Amino acid sequence: MKIVLNGKETCCREETELLAFVLACGFNPERVVVQHNGRILTREEWAGVTVRENDRIDVLQFVGGG
Amino acid sequence: MKIVLNGKETCCREETELLAFVLACGFNPERVVVQHNGRILTREEWAGVTVRENDRIDVLQFVGGG
Amino acid sequence: MKIVLNGKETCCREETELLAFVLACGFNPERVVVQHNGRILTREEWAGVTVRENDRIDVLQFVGGG
Amino acid sequence: MKIVLNGKETCCREETELLAFVLACGFNPERVVVQHNGRILTREEWAGVTVRENDRIDVLQFVGGG
Amino acid sequence: MMDDLVIGGQPISNRLFLGTGKFSSYDLIPGVISNSGAQVVTVALRRVDPGMASENMLNFIPENCIVMPNTSGARTAAEAVQIARLARAMGCGNWIKIEVISDNKYLLPDNEETILATRTLAAEGFIVLPYMNPDLTAARKMLDCGAAAVMPLGSPIGTNRGLKTRELVQIMIDELAAPVIVDAGLGKPSDAAEAMEMGAAAVLVNTAIATAEDPVKMAEAFSLAVRAGRMAHLAGPGAQSALASASSPLTGFLF
Amino acid sequence: MMDDLVIGGQPISNRLFLGTGKFSSYDLIPGVISNSGAQVVTVALRRVDPGMASENMLNFIPENCIVMPNTSGARTAAEAVQIARLARAMGCGNWIKIEVISDNKYLLPDNEETILATRTLAAEGFIVLPYMNPDLTAARKMLDCGAAAVMPLGSPIGTNRGLKTRELVQIMIDELAAPVIVDAGLGKPSDAAEAMEMGAAAVLVNTAIATAEDPVKMAEAFSLAVRAGRMAHLAGPGAQSALASASSPLTGFLF
Amino acid sequence: MMDDLVIGGQPISNRLFLGTGKFSSYDLIPGVISNSGAQVVTVALRRVDPGMASENMLNFIPENCIVMPNTSGARTAAEAVQIARLARAMGCGNWIKIEVISDNKYLLPDNEETILATRTLAAEGFIVLPYMNPDLTAARKMLDCGAAAVMPLGSPIGTNRGLKTRELVQIMIDELAAPVIVDAGLGKPSDAAEAMEMGAAAVLVNTAIATAEDPVKMAEAFSLAVRAGRMAHLAGPGAQSALASASSPLTGFLF
Amino acid sequence: MMDDLVIGGQPISNRLFLGTGKFSSYDLIPGVISNSGAQVVTVALRRVDPGMASENMLNFIPENCIVMPNTSGARTAAEAVQIARLARAMGCGNWIKIEVISDNKYLLPDNEETILATRTLAAEGFIVLPYMNPDLTAARKMLDCGAAAVMPLGSPIGTNRGLKTRELVQIMIDELAAPVIVDAGLGKPSDAAEAMEMGAAAVLVNTAIATAEDPVKMAEAFSLAVRAGRMAHLAGPGAQSALASASSPLTGFLF
């Protein structure tokens with residue numbers, strides 16, 4: 001199954017809950033924000049969203065900036 | 001009969017052609033541009049336009065400017 | 001008897017010791033420096049110097065300055 | 001015979017008039033000024049001066065400068 | 001000529017543009033124009049009342065000059081557009097200097113409205129030269145809308161304070177392919193020369209000339225300075241250095 | 001002419017003085033002089049060795065120019081005096097630019113020694129123009145010693161950094177009756193124009209012209225700028241203001 | 001405190017805002033923050049890929065700091081709005097520094113798009129601080145749209161060139177009731193002090209601190225300078241004069 | 001302390017030297033000194049007439065301050081020497097600020113006489129700090145004569161015009177091993193910070209503090225700025241660049 005993660009095509013074993021996906025990717029849920037198909041999700045919403053074929057997922061975090 | 005000339009209420013004897021009005025006011029037709037009820041007129045149009053009650057006439061010329 | 005005090009001709013009753021002169025003028029000895037006929041005196045020297053006719057005495061103190 | 005020409009020790013066949021010396025060196029008399037043992041010479045004086053052992057001769061000209 | 005500035009298809013050899021406001025008398029203007037050699041001259045459009053025996057400004061401007069009316073008095077794009085159309089109806093050509101100003105103290109322009117007015121007027125066939133706050137991005141938009149050049153201010157209108165915006169103006173010159181004309185605030189010929197050395201295509205000067213004790217002479221001074229600055233730009237200035245470097249040779253010293 | 005600068009009894013109409021060092025070839029110099037119209041031209045004096053086939057500098061300078069040798073290489077008043085006497089013996093007149101420099105990095109002059117050299121050379125009949133660190137009191141002393149003018153630096157020699165000393169130079173111009181000529185460091189025509197606007201009597205330029213890509217064109221640019229600045233000084237510049245002041249009328253607005 | 005700056009209802013006593021980009025290591029940041037006492041700290045939002053073992057920026061910022069994310073990377077208002085919303089979803093508050101930039105060479109902002117983004121984000125309850133090209137009219141529009149302050153640039157981002165836009169920034173400070181914060185380009189503490197003396201409400205500094213040899217010490221230097229400049233502004237500087245005025249008394253001279 | 005300035009064997013940790021002239025009341029001086037932390041304080045020496053009920057200046061200066069009398073009023077080296085000797089006879093130590101001034105309008109110093117006075121006074125054991133026109137060569141001579149530091153002016157005394165002589169002062173700082181202290185003309189804390197960033201060892205400020213609306217607060221502002229500038233000098237400022245350089249990362253953009 002293909003998804004687009006951070007703008008790059010990425011392979012994914014199967015459909016999965018977003019929260020599980022985030023954890024599986026090794027992200028720390030406390031420090032990232034996630035956009036699913038262009039919609040910004042609160043952390044509470046992650047459990048209720050399923051990652052499906054062709055979904056666009058963006059995971060962002062704060063970095064040093066001016 | 002009242003008209004608004006250059007934003008000021010002005011008395012006028014009677015309805016008259018714009019060209020005659022301009023000349024009667026003492027303007028030099030070669031050096032002014034006229035706006036009639038917000039419409040810019042070419043000099044050629046002056047002869048065909050009648051100044052009527054409540055008309056708004058603006059007469060402008062070039063002056064020194066930067 | 002005339003002396004020149006701070007550049008101005010000044011009358012003086014009689015010859016006198018410089019220390020007495022300074023005190024009589026109302027100066028605080030701790031805060032002024034005295035020049036006698038162009039010679040700078042230490043405070044210790046005041047007792048041994050006599051103010052005579054035509055002497056030039058300058059009395060200076062510190063003031064605000066930049 | 002040794003002389004010091006422009007600060008550098010230089011060999012010279014024999015005593016010679018300064019004018020001849022200048023010409024022999026290939027200088028254009030019109031464009032140089034000469035100092036002989038620290039004395040500035042006019043061009044008229046060149047004929048009357050003899051270059052001798054240990055003399056210091058300086059030959060200068062104008063160059064571009066600011 | 002070889003180094004002409006071309007705007008709206010017209011070759012302009014004299015890169016000093018001249019404003020005609022604030023002169024103590026219109027009688028000074030012909031001398032100012034002829035001594036400076038200015039080819040582009042700005043005017044304003046104003047209501048004239050019956051009986052106001054004002055002289056005809058245009059009589060003081062030679063036939064061969066390009067007359068560039070400004071839209072002074074406009075506070076919005078729509079007002080600027082209307083003033084521009086009226087000015088064109090005067091029959092002196094289709095050049096227009098857009099001025100949209102809502103600030104009465106510093107007379108600083110409204111770039112956003114100016115972009116809008118530029119779009120409309122360029123589409124109507126005007127040769128549009130917008131007066132603007134120096135801003136690279138806004139300038140790009142004006143040029144995309146059809147401006148023939150952009151005219152950033154050097155300092156506020158009429159202040160004679162000089163080229164205080166050089167940092168932003170230099171960037172505009174370097175980045176834009178279109179002519180950058182410094183308008184407003186230049187107070188002395190050296191300011192104009194500096195703008196030209198930086199690569200400005202032209203400068204527009206009014207107050208500095210009109211308020212000089214001898215405006216005719218000052219006009220000539222500005223004209224010379226503009227030529228000097230342009231020529232220096234073309235001649236390729238040498239580099240600056242931190243340390244000194246002798247201008248006389250470092251060899252052959254007597255001592 | 002009406003606005004001639006008179007130094008040593010000689011009227012000078014072109015207020016750009018020209019240095020001749022650092023040109024890539026002497027062949028450029030005639031064009032530089034003719035395009036700039038310079039009337040005062042500096043040269044240096046150097047030892048020449050037998051067989052050094054150098055060209056005669058003087059062949060490149062028109063007859064009607066005033067040749068002003070400098071004393072470059074001098075580190076003391078005595079050395080400057082000797083160099084000046086040698087230069088006079090060349091038969092090109094009695095003008096001398098005093099340079100006494102002990103600092104090899106910034107080539108900054110020694111005002112104290114320069115005062116001494118001025119005294120001696122003026123007494124010997126030279127027309128003395130001392131190059132100096134800008135300093136009102138030192139300038140007064142040089143003039144008391146007989147200097148015909150004083151020549152403060154704008155920035156270190158050869159740096160093209162411009163008129164960095166304007167604060168001190170302006171005071172000198174305002175306070176001294178004698179000509180103040182800005183020498184050294186002027187990098188662009190606008191720098192020269194600014195100096196002239198401030199009231200400098202002339203400027204001396206070398207490196208900025210010699211190191212330009214096109215020295216002949218740059219010489220002309222400087223010449224125009226000097227005229228512009230001088231003319232502006234005479235024309236009486238208008239005042240600067242903090243607030244804007246419209247250049248178009250504030251009445252008769254359409255809107 | 002008596003002289004707090006209040007933005008978005010929050011009192012801020014330290015008027016040095018700190019950017020966190022370009023530090024050689026995040027480990028420097030806690031020292032920089034504590035030595036400067038900064039209370040407002042900017043961060044950027046970036047995509048993070050799985051396996052990228054980057055440290056959590058937020059761990060280096062004390063709890064009591066206000067975190068102000070920027071919208072860097074946005075080229076349009078819409079992009080800036082989306083980045084702002086994402087940043088808010090991080091749960092660190094609702095401050096946002098709007099940056100909309102389409103120019104990659106000088107990183108100059110797009111004021112027009114910035115106005116649009118300000119309108120949207122202010123309406124959504126953000127505390128909006130737009131980074132902008134200095135422009136009085138554009139600033140007024142941003143404030144009308146709900147900006148809490150405006151942040152004009154001193155010179156292009158990251159150049160350390162200082163307060164090159166002082167003419168336009170001073171006008172903004174004088175004319176606007178809202179806080180004006182100078183952002184970008186300040187290179188030295190004296191630049192920051194000057195901005196504060198002019199009446200800026202605060203300054204935002206990043207590159208000058210991050211690129212110093214000793215960033216922690218430089219952060220403290222900037223902090224002191226900001227306090228100095230603010231204090232001087234409040235203390236009412238004496239006037240400048242053209243002529244000297246003795247600081248020692250002019251009477252009672254010995255000679 | 002680690003970064004003390006040592007002059008005449010005395011370690012000085014506060015690099016703001018304070019002039020005491022022109023205050024509306026001596027009563028302000030203790031607050032000014034304590035708020036600024038100044039350790040070196042200048043005074044002048046004046047004739048006092050009998051019955052003049054003036055207060056004792058020294059009562060307003062804390063015991064632990066170094067009192068540095070100036071020689072104001074001196075027009076020649078000889079006069080300065082006599083004033084210095086009188087000042088020392090007051091018993092407040094052997095520091096002396098040499099001022100030799102013959103110009104009453106701009107109060108510019110006479111470097112030549114100052115060199116002479118320096119030689120005499122240094123030989124007599126004074127700690128000599130000469131006020132001077134910025135001039136590398138003259139400074140070298142003063143130091144050769146035994147000056148403990150040199151004090152070039154930033155702009156004329158009492159003008160608050162700032163560091164107008166930065167070009168010449170920077171060269172002095174770079175070339176001289178001895179302390180360079182900027183004296184006169186600094187008008188705002190940012191001026192003082194800039195001087196310190198350039199590497200000045202200290203600054204001497206009087207008028208800018210005495211003529212502020214709130215001199216005590218302004219004194220503190222200057223003190224902070226001097227610390228800021230010194231700290232920045234030690235922290236090693238980053239380089240300036242012509243082009244922008246993003247302070248946020250250039251990778252990981254959402255858009």
Side-chain angles (χ1 to χ4, degrees), chain F residues 74-77 99-116 118-119 130-142 144-145 152-157 159-176 182 184-187 191 198, chain H residues 74-77 99-116 118-119 130-142 144-145 152-157 159-176 182 184-187 191 198:
Chain F
R75 292 154 301 178
T76 63
E99 257 187 79
V100 183
I101 291 175
S102 53
D103 157 50
N104 287 318
K105 194 160 164 192
Y106 293 101
L107 302 174
L108 294 171
D110 183 329
N111 280 357
E112 206 178 15
E113 292 291 310
T114 301
I115 294 167
L116 295 176
T118 299
R119 175 175 294 123
Y131 169 62
M132 69 177 301
N133 206 68
D135 180 326
L136 178 61
T137 308
R140 284 200 169 117
K141 294 182 185 188
M142 290 173 197
D144 288 346
C145 287
L153 61 97
S155 49
I157 292 175
T159 59
N160 285 344
R161 290 171 66 81
L163 190 49
K164 298 288 190 183
T165 56
R166 56 174 66 77
E167 184 83 4
L168 300 172
V169 168
Q170 183 68 73
I171 291 172
M172 292 174 63
I173 291 170
D174 292 348
E175 295 302 300
L176 300 173
V182 177
L186 301 181
D191 299 329
M198 286 165 55
Chain H
R75 293 154 301 178
T76 63
E99 258 187 78
V100 183
I101 291 175
S102 53
D103 157 49
N104 288 318
K105 196 159 163 192
Y106 292 100
L107 301 174
L108 294 172
D110 183 329
N111 281 357
E112 205 178 15
E113 292 291 310
T114 301
I115 294 167
L116 295 176
T118 299
R119 176 175 294 122
Y131 170 62
M132 67 176 303
N133 207 68
D135 181 325
L136 178 62
T137 309
R140 284 202 170 116
K141 293 182 185 188
M142 291 172 197
D144 287 346
C145 287
L153 61 95
S155 51
I157 292 175
T159 59
N160 285 345
R161 291 171 66 79
L163 189 50
K164 298 288 190 183
T165 56
R166 56 173 67 76
E167 184 82 5
L168 300 173
V169 168
Q170 183 69 72
I171 291 173
M172 292 174 63
I173 290 170
D174 291 348
E175 296 302 299
L176 300 173
V182 177
L186 300 182
D191 299 330
M198 287 165 55

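In this text the structure is predicted, and so the values were computed from the model without any measurement. These numbers come from the heavy atoms of this one structure, side chains and all, not from hydrogens, waters or symmetry mates. Letters go in sequence order (proteins before strands), and every chain restarts at 1.
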Smallest separation among heavy atoms of Leu108(F) and Thr137(H), with atom names = O-OG1, 3.8 Å
Check whether Pro109(H) gets within reach of chain F through its side chain, its backbone, both or neither, counting any heavy atom under 4.5 Å.
-> backbone
Could you look at Ile115(H) and say if it's the side chain, the backbone, both or neither that has a heavy atom under 4.5 Å from chain F?
-> side chain
Please assess Asn111(F) against Asp135(H) for the test side-chain contact (heavy atoms from CB on, under 4.5 Å), listing each intermediate value before the final yes or no.
-> CA-CA 9 Å; Asn111(F) 280 357; Asp135(H) 181 325; 3.5 Å; yes
Contact part of Arg161(H) toward chain F, heavy-atom cut-off under 4.5 Å: side chain, backbone, both or neither?
-> side chain
Among Thr165(H), Asp174(H), Leu136(H), Asn133(H), which has the most heavy-atom pairs under 4.5 Å with chain F?
-> Asn133(H)
Would a 4.5 Å heavy-atom cut-off, applied to side chains only, mark Asp103(H) and Arg140(F) as touching?
-> yes
In terms of heavy-atom proximity below 4.5 Å to chain F, should Leu168(H) be classed as side chain, backbone, both, or neither?
-> side chain
For the student: nearest non-hydrogen atoms of Pro156(F) and Ile171(H), plus distance | CG-CD1, 3.7 Å
Between atom CD of Glu113(F) and atom NZ of Lys141(H), what is the distance when rounded to the nearest 0.5 Å?
-> 5.0 Å
Among Lys105(H), Arg166(H), Glu175(H), which has the most heavy-atom pairs under 4.5 Å with chain F?
-> Glu175(H)
Comparing Glu112(H), Glu167(H), Lys164(H) against chain F, the one with the most heavy-atom pairs below 4.5 Å turns out to be Glu167(H)
